[in-house]
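First comes the structure, then the notes that go with it.
Sequence lines set the chain letters: A, B, ... in the order given, protein chains first and strands last, and positions in each chain run from 1.
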Number of protein chains: 2
Amino acid sequence: MQMDERKKKILRALIQDYISSAEPIGSRTIARKFDLGVSPATIRNEMSDLEELGLIEQPHTSAGRIPSDAGYRYYVDFLMEPPALRDDDKMLIERETTHRIHEIQEVITQTSKLLSQLTSLTSVVLGPQKGKGTFSRMHFLPYQPGQAIMVVVKENGAVENHIVEIGQDVAAEELQTIADVLNRKMHGYTLNEVKRTLLHEIYSELTRQRSLLDSALELLEPILNDQDQEQEHVYLGGALNMLNQPEFRDLEKVKTLFKAFEEDGRLKKLLSMDREGLTVTIGGENKLAEFKDCSVISATFRVGGEVVGAVGILGPTRMDYSKAMAIVDYTTRMLNRLLRTSKRTPL
Amino acid sequence: MQMDERKKKILRALIQDYISSAEPIGSRTIARKFDLGVSPATIRNEMSDLEELGLIEQPHTSAGRIPSDAGYRYYVDFLMEPPALRDDDKMLIERETTHRIHEIQEVITQTSKLLSQLTSLTSVVLGPQKGKGTFSRMHFLPYQPGQAIMVVVKENGAVENHIVEIGQDVAAEELQTIADVLNRKMHGYTLNEVKRTLLHEIYSELTRQRSLLDSALELLEPILNDQDQEQEHVYLGGALNMLNQPEFRDLEKVKTLFKAFEEDGRLKKLLSMDREGLTVTIGGENKLAEFKDCSVISATFRVGGEVVGAVGILGPTRMDYSKAMAIVDYTTRMLNRLLRTSKRTPL
DNA sequence: TGTTAGCACTCTCAGTCGATGAGTGCTAAC
DNA sequence: GTTAGCACTCATCGACTGAGAGTGCTAACA
């Protein structure tokens with residue numbers, strides 16, 4: 001069976017209506033609302049075909065039809081009018097992404113808020129992985145007796161503080177010596193690389209200056225084993241918007257959904273970081289069972305050519321794909337520009 | 001009308017039963033479950049009195065009674081067995097609060113998680129206000145051209161980074177001079193005080209070294225106007241636990257509750273920071289309408305004698321007050337000890 | 001051969017009705 | 001002061017019903 005023009009028209013009409021009404025829609029309604037020039041009976045026949053093709057389905061015998069995941073997929077790929085942004089949305093995005101920025105955290109939370117606000121859906125934003133940035137240099141500053149502030153600067157501009165324990169008797173010059181050694185050795189490597197391969201090299205270098213050894217390696221401990229290092233935080237915006245979606249009128253569904261929201265790992269999996277550009281994941285195409293009734297529109301963003309994060313919009317499969325795609329697309333474009341132009345934003 | 005011994009017994013029985021069952025409870029049930037040595041009819045008469053006293057109420061004519069806010073209040077103040085901790089809970093709290101800690105943030109999130117886990121309710125933790133800590137000193141470190149890292153150390157041990165813009169031509173020594181002036185002037189004052197009263201003094205001091213003036217005041221801008229400064233973040237733990245409470249089976253209630261959760265300001269108001277020690281706020285005693293069906297058990301904690309934060313447990317008015325109070329009480333005790341003993345924890 | 005009208009059938013939804021059961025308040029007896 | 005008895009109230013639940021929406025099938029039509 002082939003998809004002829006009329007079938008396409010009917011499928012498009014059905015999906016568009018369902019997206020806004022969230023109600024199953026029957027042949028009669030389509031005939032009334034959309035001027036296809038044929039009678040309900042004909043539409044019935046066509047709908048029967050569409051169902052056989054797996055593009056629509058019936059919740060129960062005497063209800064109208066609703067789109068299946070495959071139906072949405074067909075719609076997104078072939079039927080939908082191309083994503084276009086409303087002017088006021090466009091302006092809003094531009095206004096929000098042209099601020100002068102001090103911290104990337106700020107950008108991320110801001111973006112997250114913006115996306116959920118524009119779409120009335122939930123937004124998911126994944127920022128740069130802390131451990132990933134390559135090491136540039138470190139400084140030591142005095143702190144309490146027996147402790148020092150270690151300031152670590154990454155090549156991507158990130159700055160971190162760590163309080164480290166030092167012996168009571170370690171002098172400032174000694175710390176400086178250690179810093180010099182570490183800076184020389186570690187420059188240009190990521191902390192993960194340091195952890196895996198470089199440690200013994202540093203070790204042997206420092207062995208020559210016997211007395212410094214003990215402290216030096218202990219100093220590195222907090223930055224190498226920092227919990228935050230590995231798992232980047234995922235920002236969620238407008239989670240409550242989900243409660244307004246009729247598909248989540250059921251408390252059990254809300255529970256499982258919110259449960260999944262609490263686990264950063266789950267959310268991270270929603271954002272397909274491997275694929276560049278705009279990605280649409282519809283319902284069951286997603287691996288996670290908790291989100292089988294949801295679709296995700298996501299895109300990655302870059303700093304200096306390298307993919308460092310992703311933004312996404314999460315909604316019920318019944319969502320306005322065109323609008324969501326337009327918004328995600330434009331937002332990442334602006335984000336890329338913002339991160340490129342702002343002179344070396346501290347990450 | 002007076003509260004005689006039998007009325008107390010009945011009220012206690014009713015509340016205890018209601019706390020675990022969440023169902024209105026009638027005279028017959030009380031007579032059966034609790035051995036008071038009187039018939040349901042007698043209990044009925046007493047219950048009628050209790051209702052007149054405003055301690056219990058009837059959801060509808062032919063249902064049993066449930067405690068009113070005033071009833072819970074009476075229960076907490078006079079009837080409840082004194083808060084006692086189960087041994088395993090005690091051990092769990094001790095285990096979690098004797099870790100060596102590096103960051104107070106960590107302690108806060110950890111505590112929040114612990115509390116919600118122990119009670120199966122929602123926990124609210126309010127950490128130290130960043131802006132409050134008195135200024136100790138600052139350092140400058142090199143960063144990108146035209147920018148520097150300003151490291152600010154507070155007297156309570158907090159360390160913060162800020163990237164500041166400096167003229168391309170400002171030399172390290174000049175920065176040092178500025179730092180020296182600022183350190184001398186600002187030491188011992190909170191940033192808020194600096195902002196309000198000290199700025200013009202610093203201004204006139206620096207005016208004498210004309211060339212430095214422009215930069216110096218700009219440098220302070222980020223720390224004085226930092227958004228985070230004023231509003232300390234509120235940590236919420238186990239918000240989902242609320243969904244398991246039968247009183248929140250209604251989606252509308254969930255919506256308003258979670259809406260309130262999203263606003264830090266609202267949550268902050270729940271924790272009575274003005275009162276020291278263990279505080280119990282029952283239902284409508286709370287000012288916020290969103291939480292009129294909730295009770296809060298809260299307590300403040302201190303660092304060095306000064307109240308810096310608060311922890312609280314939020315649950316439906318129908319909650320196990322004894323247990324919750326015991327847990328909050330013990331947790332804050334341990335927290336105080338932890339923060340006192342760990343030698344100058346960085347905040 | 002494709003389209004349409006007609007029709008019987010299915011299924012959900014909202015509303016009604018009555019039975020059930022828990023609980024109360026009142027009265028009168030103990 | 002306490003209790004048994006009783007009439008009354010009210011929410012809940014299941015069964016039933018009619019309305020409405022929608023379908024699939026058949027037969028007629030262009």
Inset, instruction - Kindly indicate whether a cation-pi arrangement holds for B:Lys8 with B:Phe78, taking the cut-offs as under 6.0 Å to the six-membered ring centre and within 45° of the axis. - result: no
Legend entry - Contact interval (first through last nucleotide) of DNA chain D with protein chain A, 4.0 Å heavy-atom: D:dA21 to D:dG24
Legend entry - NZ/NE/NH1/NH2 to OD/OE distance under 4.0 Å, A:Glu285 and A:Arg73: yes
Legend entry - SB check B:Lys255 B:Glu252 (cutoff 4.0 Å): yes
Legend entry - Which residue lies more 5' along DNA chain D, comparing B:Arg6 with B:His60 via nearest heavy atoms: B:Arg6
Inset, instruction - Identify, between B:Ala41 and A:Asn45, the residue whose nearest nucleotide on DNA chain D lies closer to the 5' end. - result: B:Ala41
Inset, instruction - Please check the phosphate of C:dC11 (OP1 and OP2 only) for any side-chain N or O of A:Thr61 closer than 4.0 Å. - result: yes
Legend entry - C:dT4 phosphate, OP1 or OP2, under 4.0 Å from A:Thr42 side-chain N/O: yes
Inset, instruction - Sort out the partner of D:dA19 for me: Watson-Crick or G-U wobble, both distances under 3.5 Å, none otherwise. - result: C:dT12
Inset, instruction - Both distances under 3.5 Å, Watson-Crick or G-U wobble: report the partner of C:dA29, or none. - result: D:dT2
Rounded distance in Å - [atom1] ([X]) to [atom2] ([N]):
{"X": "A:Met47", "N": "C:dT4", "atom1": "CE", "atom2": "P", "result": "16 Å"}
{"X": "A:Asp49", "N": "C:dG2", "atom1": "CG", "atom2": "P", "result": "11 Å"}
{"X": "B:Lys33", "N": "C:dA22", "atom1": "NZ", "atom2": "P", "result": "13 Å"}

Legend entry - Pairs touching residues 310-320 of chain A that satisfy salt bridge (Lys or Arg N to Asp or Glu O under 4.0 Å), sequence neighbours left out: A:Glu247-A:Arg318
Legend entry - Candidate pair A:Glu57 and A:Ile66, rule side-chain contact (heavy atoms from CB on, under 4.5 Å), full reasoning: CA-CA 5 Å; A:Glu57 48 198 27; A:Ile66 60 173; 4.0 Å; yes
Legend entry - Worked verdict on A:Asp88 versus A:Met91 for side-chain contact (heavy atoms from CB on, under 4.5 Å): CA-CA 5 Å; A:Asp88 46 348; A:Met91 274 164 56; 5.6 Å; no
